[in-house]
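Quick notes on the structure that follows.
A quick note: this is a predicted structure, and the numbers were derived from the prediction, not measured.
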Amino acid sequence: SELPSLPSILASVSVQTHARMRRAIACVWPRLFWLHAFGAHADAHLDAPLTNCDARCRAQLAALGPSDAFGTLMMLLRNRLPRNGSRAAAAAPVTAAGTAV
């Protein structure tokens with residue numbers, strides 16, 4: 001295991017590499033956060049705001065609603081439904097926003 005070496009491994013990452021890695025993950029991080037209550041629209045039911053989250057921050061989080069962890073989970077489950085025509089909702093793959101493609 002490299003766990004004991006983790007601090008030195010992380011310290012060896014250059015500032016440029018770290019910045020590049022942060023830019024690469026920018027499009028994915030919202031899918032890891034639970035931004036709203038189950039089944040609610042994020043703009044209406046954001047969980048308690050973060051301590052340093054002002055109105056602009058809350059508006060940006062609300063805009064990410066369909067792409068949060070809940071939306072991603074629902075998209076994945078919807079896409080696993082049988083596609084034999086017996087369910088209209090499962091007729092086409094669904095995007096994170098909940099629309100058929």
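Taking Ile, Leu, Val, Met, Phe, Trp and Tyr as hydrophobic and joining them when side-chain heavy atoms fall under 4.5 Å apart, one finds Leu6 in a cluster with Leu3, Leu10.
Residues meeting the side-chain hydrogen bond (donor to acceptor under 3.5 Å, both in side chains) test with Ser12, sequence neighbours left out: none.
Taking each heavy atom of His18 and Val13 in turn, the nearest pair found is N-CG1, 3.9 Å.
For the atom pair CZ of Arg22 and OG1 of Thr17, the computed distance is 14.0 Å after rounding to the nearest 0.5 Å.
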